[in-house]
Amino acid sequence: MITGIDLEKTQIHIAEGYALHEPPISLPQQDAVQKNGFAIQCRITTEDPENDFMPDYGTILAYRSAEGFGIRLDEGNVYN
């Protein structure tokens with residue numbers, strides 16, 4: 001976590017009606033949030049532009065994931 005804030009847990013508390021700056025969330029003001037590093041999120045999705053961008057399907061022919069020092073991958077599954 002770049003900020004040390006559990007975003008999923010925070011989203012659940014927000015859905016329960018809690019404000020960002022009150023317990024149990026208790027987030028600091030935006031300018032006080034410390035950042036440590038960077039993150040990129042990428043999702044592979046398919047849409048059919050000729051069908052009002054509705055979800056599309058097909059076969060994934062090749063998938064190569066990144067690897068190396070400092071790279072963390074949280075991968076999902078692909079089923080065909």
>> Going by side chain to side chain contact (heavy atoms under 4.5 Å, CB included), name the residues that satisfy it together with Asp31, two or more places apart in sequence or in a different chain.
In response: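 Checked Asp31 against side chain to side chain contact (heavy atoms under 4.5 Å, CB included); matches are Gln29.
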
> Residues in side chain to side chain contact (heavy atoms under 4.5 Å, CB included) with Ser26, at least two apart?
Replying inline: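 Side chain to side chain contact (heavy atoms under 4.5 Å, CB included) check on Ser26 returns Pro23.
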
>> According to a hydrophobic-cluster definition based on side-chain heavy atoms being under 4.5 Å apart (Ile, Leu, Val, Met, Phe, Trp, Tyr only), do Leu20 and Ile5 belong together?
In response: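 Yes, because Leu20 and Ile5 connect within a single hydrophobic cluster, where side-chain heavy atoms sit under 4.5 Å apart.
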
>> Would a single hydrophobic cluster contain both Leu7 and Ile14, if residues Ile, Leu, Val, Met, Phe, Trp and Tyr are joined by side-chain heavy-atom contacts under 4.5 Å?
In response: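 Per the 4.5 Å side-chain linkage, Ile14 and Leu7 are co-clustered.
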
> In Å and rounded to the nearest 0.5 Å, what is the CG to CZ distance from Asp48 to Phe53?
Replying inline: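 Between Asp48 CG and Phe53 CZ, I get 8.5 Å after rounding to 0.5 Å.
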
> Could you state the interatomic distance from CD1 (Ile25) to OG1 (Thr10), rounded to the nearest 0.5 Å?
Replying inline: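 Interatomic distance, Ile25 CD1 to Thr10 OG1, rounded to 0.5 Å: 6.0 Å.
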
Short question: side chain of [X], backbone of [Y] - any donor-acceptor pair under 3.5 Å?
| X | Y | value |
| --- | --- | --- |
| Lys35 | Val33 | yes |
| Asp52 | Met54 | no |
| Asp6 | Glu8 | yes |
| His13 | Tyr18 | no |

>> Which heavy atom of Asp56 sits nearest to which heavy atom of Glu47, and what is that distance?
In response: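 Looks like CB-C, 3.9 Å.
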
>> Taking atom CD as the centre, does Glu16 end up with more than 12 heavy-atom neighbours from other residues, nucleotides or ligands that are less than 6.0 angstrom away?
In response: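 Correct, the count exceeds 12.
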
>> Quick check on Glu22: does its CD atom have over 12 non-hydrogen neighbours (other residues, nucleotides or ligands) under 6.0 Å away?
In response: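 For Glu22, atom CD is crowded (more than 12 foreign heavy atoms under 6.0 Å).
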
